[in-house]
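Along the sequence shown, the residues carry numbers beginning at 1.
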Amino acid sequence: MVFSRVFTANLLLTSTQIILSRLTRVMIKDNESTVPIMHSGHVRRRKGSNEVPSDVDQATGTKLLAKDQNKYKSMLVRAYSTIWMIGGFIFVVYMGHLYIWAMIVIIQIFMAKELFNLLIKAHEEKQLPGFRLLNWHIFFTAMLFVYGRILSQRLVNTVTTDKFWYKLVGNLIKYHMVTCYFLYITGFVWFILSLKKKMYKYQFGQYAWTHMILIVVFTQSSFTVANIFEGIFWFLLPASLIVINDIAAYIFGFFFGKTPLIKLSPKKTWEGFIGASVTTIISAFVLANFFGRFQWLTCPRKDLSTGWLQCDPDPLFKPENFTLPEWFPWTEIQILPVQWHALGLGLFASIIAPFGGFFASGFKRAFNIKDFGDSIPGHGGMTDRMDCQMVMAVFAYIYHQSFIVAQSVSLGMILDQIIMNLSYEEQRELYSKLGQIIKDRQFGES
């Protein structure tokens, strides 16, 4: 089964490489025919950025893709890296929950690196050897705390059949919080001992900036991981809607954009915003129907294994007949109830989530930079691509917990608490007493 999944994923990557090779040939021809254009302005771009600056509209003073003479070169570079990202994303999703979690961790590390670099001053860093290591110590301590809280129950469920590992994991979970606390206090003492005269302002600024990064990166991405284990559907649909909205906004703005949307992001246009909104909402309704028919996407993962999932589908994923008006060519169609919820996600992804991108644009203007990094050709850094995803992940989790998850206490929730909080001996005692209570009740009824 694992071999077939890897083989299928390799076929997807091979197809992606063929498409990329054709795009490369087209891009080379386009580069040969492009005439260099001189641009004015003092916007600082990070080294290695492949994004081509756009022309300035004389009437409004804004930069619009519709009037950018180099836009096709920029589009091809962006398309090239987009295909790679989508291909890699499909491969990781196909491999399952743990691989998606690993991808999120890698993205977090890239984002932290890019944000750390924003305030680095080479002269001060030379006088503070090892100070950068302190930032990463705090970062990985936060990672241990957040993921320990989210995944502890699933880790317990993974080792319940082995008594030794069950006891070991139980102790680790029991002392997880105090372990993380003392790791953080170690970093705090480390910071105090590293303070140097005439460097206080820089060091305290870096310390505060590190905690700001923890809020930006972990507080929001932890919701992403929680969504993954509630069912890949609740991660994949919101993430796909943001990608669709971003691509649609770029395409509509590329061909039709004429009216500037917001000063913080001069290339954004009303035409791109409206076109992307309509596209995203329609896509939400269609994709929910498609994703909702795969059990391995809709079933929640209760442990940390990597096998295929099968479960009794939630009522949200069971088709229902929907009667259409008489003037439609069909009398009725099958709709999954989750598709109506998908419309809410699509509405948020198209109207509210883009403000995460506007926030990032303002942030970059404050630091006078073009991109957060240069790890993704045509797109900038990892943070440039995750700005809207972070906002969307939080909403998806809150929406799922508020409107999807049953609020009443279920048998599964009680069992989870028993497994997590009681020792092996206490569980055996509970089992014996519960058996005696049930036996007494049966005897009384007879």
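Once rounded to the nearest 0.5 Å, the distance linking CG of Leu155 with CG of Asp303 reads 10.0 Å. To the nearest 0.5 Å, atom CG of residue Asp246 and atom CG of residue Leu241 are 12.5 Å apart. Between Phe367 atom CZ and Leu115 atom CG the span is 9.0 Å, to the nearest 0.5 Å.
In summary, the side chains of Tyr202 and Glu125 do present a donor paired with an acceptor at a separation below 3.5 Å, with no hydrogens or angles considered. For Asn245 and Ser350, the side-chain atoms include no donor-acceptor pair closer than 3.5 Å.
A side-chain donor-acceptor contact under 3.5 Å links Arg154 to the backbone of Arg301. Side-chain atoms of Asn171 come within 3.5 Å of backbone N or O of Lys167 as a donor-acceptor pair. Of the possible donor and acceptor atoms, one in the side chain of His211 sits under 3.5 Å from a partner among the backbone N and O of Tyr207. The backbone N or O of Leu309 sits nowhere less than 3.5 Å from a side-chain atom of Gln295 that would complete a donor-acceptor pair. Judged by distance alone, the side chain of His176 and the main-chain N or O of Leu144 form a donor-acceptor pair under 3.5 Å. With hydrogens and angles disregarded, a donor-acceptor distance shorter than 3.5 Å links the side chain of Gln339 to the backbone of Leu336. The backbone N or O of Gly380 sits nowhere less than 3.5 Å from a side-chain atom of Asp384 that would complete a donor-acceptor pair.
Residues satisfying the side-chain contact (heavy atoms from CB on, under 4.5 Å) test with Leu133, not counting sequence neighbours, are Trp190. Partners of Cys299 by disulfide bond (SG atoms under 2.5 Å apart), not counting sequence neighbours, listed by chain and number: Cys311.
Between Phe89 and Phe235, the two ring planes are tilted [angle within 30° to 60°]. Tyr399 and Phe403 have tilted rings, their planes meeting at an angle from 30° to 60° on a 0 to 90° scale.
A ring-ring contact (aromatic ring centres under 6.0 Å, His included) with Phe116 is found for exactly one of Trp209, Phe131, Phe372, Trp136, namely Trp136.
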